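Read the numbers this way: they start at 1 and go in the same order the structure lists the ligands and their atoms. Because the structure is predicted, anything quoted here is derived from the model rather than measured. Sequential numbering from 1 along the given sequence is applied to the chain's residues.
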Amino acid sequence: MSAIDDLPPLRDVIAAHALAAKKSLGQNFLLDLNLTAKIARLAGDVSEADVLEVGPGPGGLTRGLLAEGARRVLAIEKDPRCMPALAQISAAYPGRLEVINADALDLDPLAHLTPPIKVAANLPYNVGTELLVRWLTPPEWPPFWQSLTLMFQREVAQRIVAAPGSKAYGRLALLAQWRSDPRIVMDLPPEAFSPPPKVNSAVVHLTALPTPRYPADPRTLNKVVATAFNQRRKMLRSALKSLSPAIEAHLLDAGIKPTERAEQVGLEAYCALARSLDAK
Ligand code: SAM
């Protein structure tokens with residue numbers, strides 16, 4: 001474990017502030033500062049950006065982001081026990097780290113950030129997925145963020161990057177791939193964390209596209225995809241019957257065989273179907 005700054009090793013920080021991991025907050029900490037620096041580098045050049053970090057915990061990734069030269073980091077952490085450790089980091093990087101003790105699901109961070117903005121987080125997977133969906137469905141596109149660098153359970157990471165025809169393919173893949181470019185950029189075994197979780201993890205990097213890959217109304221597309229995957233084993237002509245009495249014609253208009261199933265159809269065709277339904 002090499003020093004990326006003059007602060008104490010994370011094991012000492014955790015001991016000094018009695019930060020025994022809480023399962024209820026999904027606390028699996030990264031203690032190797034080489035690893036957190038590597039994850040920070042996956043966020044790209046942060047020297048000209050504000051970074052929103054959600055769930056900093058004892059601050060391993062926070063220290064990585066600051067050591068990599070982030071212009072400013074805004075860290076939102078729910079656990080008040082982490083505040084003294086994070087204050088120590090803030091003091092070591094004057095004016096560059098703001099910490100807010102809050103639930104990231106309740107707080108709008110935008111008032112605290114100046115564009116360009118990148119997001120980095122190692123969160124419990126349910127909070128991470130909920131935030132990812134919110135970040136992918138803002139009222140306006142392009143969104144407030146340039147990129148998201150997020151740790152997930154590997155199984156969730158695979159759902160984000162999945163291609164048609166695979167078991168992991170579904171709403172999350174279509175939502176992520178419509179307006180961003182998601183890639184799995186790092187795999188981590190359970191031993192990378194303390195305490196180790198039961199499953200493997202992966203870092204997903206998503207870059208926001210300036211405009212959607214294919215035109216479609218977001219609400220119609222969301223409805224089409226949700227309805228299709230709610231009954232993923234049914235043929236689309238029957239799974240999507242509730243959307244229009246003329247669904248077969250709309251499917252054919254979009255270049256989709258009415259006998260295909262949800263997981264066989266690609267993003268471009270779903271967008272064409274949403275446009276066809278809106279044009280009726
Ligand atoms: N980033 C640290 C690391 O990599 O070692 C901690 C990661 S740990 C998996 C998740 C962190 O998210 C914990 O510190 C936990 O307290 C925090 N957390 C959990 N739910 C949260 C929420 N809703 N809002 C903000 N932070 C949350």
Side-chain angles (χ1 to χ4, degrees), residues 1 4-5 7-43 46 51-68 70 73-90 97-109 112-113 118-135 148-154 156-157 185-204:
M1 202 182 286
I4 57 167
D5 48 41
L7 291 160
L10 283 162
R11 271 185 206 288
D12 297 357
V13 171
I14 286 172
H17 300 287
L19 295 177
K22 277 194 185 169
K23 219 173 170 183
S24 60
L25 285 169
Q27 292 182 334
N28 301 97
F29 300 131
L30 289 165
L31 301 187
D32 179 348
L33 290 167
N34 286 317
L35 192 57
T36 60
K38 204 166 156 192
I39 297 168
R41 282 197 287 280
L42 295 172
V46 284
V51 181
L52 168 63
E53 190 198 350
V54 190
L61 181 56
T62 321
R63 285 165 65 172
L65 290 163
L66 290 162
E68 285 304 310
V73 175
L74 172 69
I76 302 170
E77 171 57 57
K78 190 171 173 180
D79 187 350
R81 298 178 309 153
C82 297
M83 293 303 115
L86 294 166
Q88 220 178 351
I89 306 173
S90 206
L97 172 62
E98 182 184 353
V99 182
I100 301 180
N101 183 198
D103 185 329
L105 295 169
D106 298 336
L107 183 99
D108 178 4
H112 303 263
L113 293 161
K118 297 189 174 195
V119 178
N122 172 19
L123 276 167
Y125 93 99
N126 54 339
V127 182
T129 312
E130 161 90 40
L131 284 172
L132 172 65
V133 170
R134 287 193 201 177
W135 288 328
L148 311 172
T149 308
L150 309 173
M151 182 86 69
F152 287 104
Q153 294 188 353
R154 187 158 166 84
V156 177
V185 287
M186 190 191 237
D187 285 308
L188 290 99
E191 313 80 77
F193 302 85
S194 175
K198 288 203 175 69
V199 294
N200 287 312
S201 302
V203 178
V204 184

Identify, by atom number and element, the atoms of ligand 1 in contact range of [X], meaning under 4.0 Å from any of its heavy atoms.
X	result
G26	8 (S), 9 (C), 10 (C)
A102	24 (N), 25 (C)
L30	3 (C), 4 (O), 5 (O)
D79	16 (O)
I76	25 (C), 26 (N)
A104	22 (C), 23 (N), 24 (N), 25 (C)
L25	15 (C), 16 (O), 19 (C)

Would you call [X] a ligand 1 contact, heavy-atom distance under 4.0 Å?
X	answer
P124	yes
G59	no
C82	no
N28	yes

task = Apply side-chain contact (heavy atoms from CB on, under 4.5 Å) to the pair L33 and R63, showing each step before the final yes or no.
result = CA-CA 8 Å; L33 290 167; R63 285 165 65 172; 3.4 Å; yes
Among [options], which one has a heavy atom closest to [atom]?
atom	options	value
atom 14 (O) of ligand 1	K22, R63, E77, R81	E77
atom 1 (N) of ligand 1	G55, G57, A75	G55
atom 22 (C) of ligand 1	N126, I39, D103	D103

ask   = Any idea which part of L61 is under 4.0 Å from ligand 1, heavy-atom wise: side chain, backbone, both or neither?
value = neither
task = Select one of side chain, backbone, both or neither to describe which atoms of T36 lie under 4.0 Å from any atom of ligand 1, heavy atoms only.
result = neither
query = Taking it one step at a time, do I100 and L74 satisfy side-chain contact (heavy atoms from CB on, under 4.5 Å)?
reply = CA-CA 8 Å; I100 301 180; L74 172 69; 3.8 Å; yes
message = Checking side-chain polar atoms at under 3.5 Å, does N101 have a donor or acceptor matched by the opposite partner on E77?
response = no
